[in-house]
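Notes for the one structure printed next.
Both counts, for ligands and for their atoms, begin at 1 and track the order of listing.
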Amino acid sequence: MVNKRERILIVDDEAMVRRLLRQKLSREGYQCEEADSAEQALDRLRGNSTELVILDIKMPGKSGMELLPEIRAGYPDTAVMMATALTDANIAIQCMKQGAYDYISKPFNLGEVVLSVNGVLERRRLELEIREYQQYLEQRVEEQTKEIRKVFLGAIEALAFALEAKDRYTAGHSRGVTEIAVAIGRELGLSPDDIEDLRWGGLLHDVGKIAVDQLIQNKTGELTPEEYEHIMIHAHVGAGIVKPVVNGKVVEMIEHHHDHYDGSGMNQVVIGEDIPLGARILAVADAFDAMTSDRPYRSAMSIEEALSEIMRCTGTQFDPVVAAAFLKIPVPGIVLAGV
Ligand SMILES: [Fe+2]
């Protein structure tokens with residue numbers, strides 16, 4: 001059914017042509033407006049919702065052909081029909097290639113004009129409905145994707161926490177590292193996507209410890225070099241575990257979270273700025289959280305001692321820019337004066 005309240009703007013320099021079209025289309029129930037030039041047409045379009053413009057191809061000043069792309073660009077929901085003398089049929093076809101919906105030829109057969117107008121408005125309506133439906137579908141997909149990510153993140157969190165819960169020394173470590181890493185990322189002005197990656201990296205960075213011998217991990221004495229090397233496989237193992245389900249940045253972050261800025265870490269293949277930024281952030285967050293927690297082989301350091309240690313290792317173990325950002329974060333229980 002045609003919605004006869006639709007608004008049609010008739011643009012033609014000849015008053016008689018405008019009147020003829022207006023009378024016929026008004027009788028059909030459309031709301032009609034007139035403009036005698038391109039400038040007046042743009043004026044009428046501004047601030048008014050217009051469903052259709054019937055546009056004379058040849059007008060003094062700016063022609064209908066010149067006006068067409070402006071209307072298409074400025075009012076993409078407005079359909080345009082060209083009105084032309086029979087001899088200009090090729091130009092009219094040219095206009096259709098540029099986005100006009102149809103053309104009508106002068107002298108008009110008013111019955112055909114009405115049919116064309118109805119057809120164009122019907123097509124426009126269908127196109128808008130399809131576009132709205134596409135937008136609705138895109139929105140639904142986006143919502144579902146968010147929901148799936150949320151559920152997945154919850155499952156991963158549960159896995160990381162279950163792993164930590166086995167060991168009283170590491171309980172809460174992933175969450176603590178995540179909070180600090182996210183705070184550093186914000187301090188560095190990272191994008192929301194990068195912050196989201198940090199969140200995943202923080203939660204999952206030690207998931208590879210599932211492959212570490214519990215006896216070695218919980219050893220109270222000093223680790224032998226071989227034992228230390230065994231523990232450090234967790235970074236590579238963890239990257240392999242999460243690879244199928246997180247993006248490449250998070251995988252890299254986990255793979256390199258024990259790299260030292262100066263290249264002195266174990267089996268390190270990248271150095272300095274070549275270490276992914278997320279991994280350099282995790283390194284600081286991880287070290288601080290670990291130092292301020294009890295470990296089988298030592299008691300927790302005080303926050304002041306841990307901060308001094310971060311500062312001492314800036315430029316060697318830690319990226320100076322990341323360490324400086326970390327030192328700007330307010331740490332509960334301590335006044336960060338002078339750091
Ligand atoms: Fe680790």
**Request:** Kindly say whether Ile57 contributes a backbone atom to a donor-acceptor pair with the side chain of Thr84 at under 3.5 angstrom?
**Result:**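 No, Thr84 side chain to Ile57 backbone: no donor-acceptor pair under 3.5 Å.
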**Asked** Any sub-3.5 Å donor-acceptor pair from Thr316's side-chain atoms to Cys313's backbone N or O?
**Response**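 Yes, Thr316 side chain to Cys313 backbone: donor-acceptor pair under 3.5 Å.
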**Message:** More than 12 heavy atoms of other residues, nucleotides or ligands under 6.0 Å from NE2 of His230: yes or no?
**Reply:**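 Buried by this count: over 12 neighbours within 6.0 Å.
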**Asked** Between His234 and His257, is the ring centre distance below 6.0 Å?
**Response**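 They qualify: ring centres under 6.0 Å apart.
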**Item:** Distance filter under 2.8 Å, centred on the Fe ion (ligand 1) - protein N, O or S atoms that pass it
**Value:**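 Asp206 OD1, His234 NE2, His257 NE2, His258 NE2, with waters left out.
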**Prompt:** Judged by modelled atom types alone, do Tyr30 and Asn118 share a side-chain donor-acceptor pair under 3.5 Å?
**Reply:**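 Yes, because at least one side-chain N or O of Tyr30 sits under 3.5 Å from a partner of the opposite role on Asn118.
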**Request:** Find out whether the Lys NZ or Arg CZ of Arg123 is both under 6.0 angstrom from the six-membered ring centre of Tyr101 and within 45° of the ring's axis.
**Result:**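 Cation-pi check for Arg123 and Tyr101: passes.
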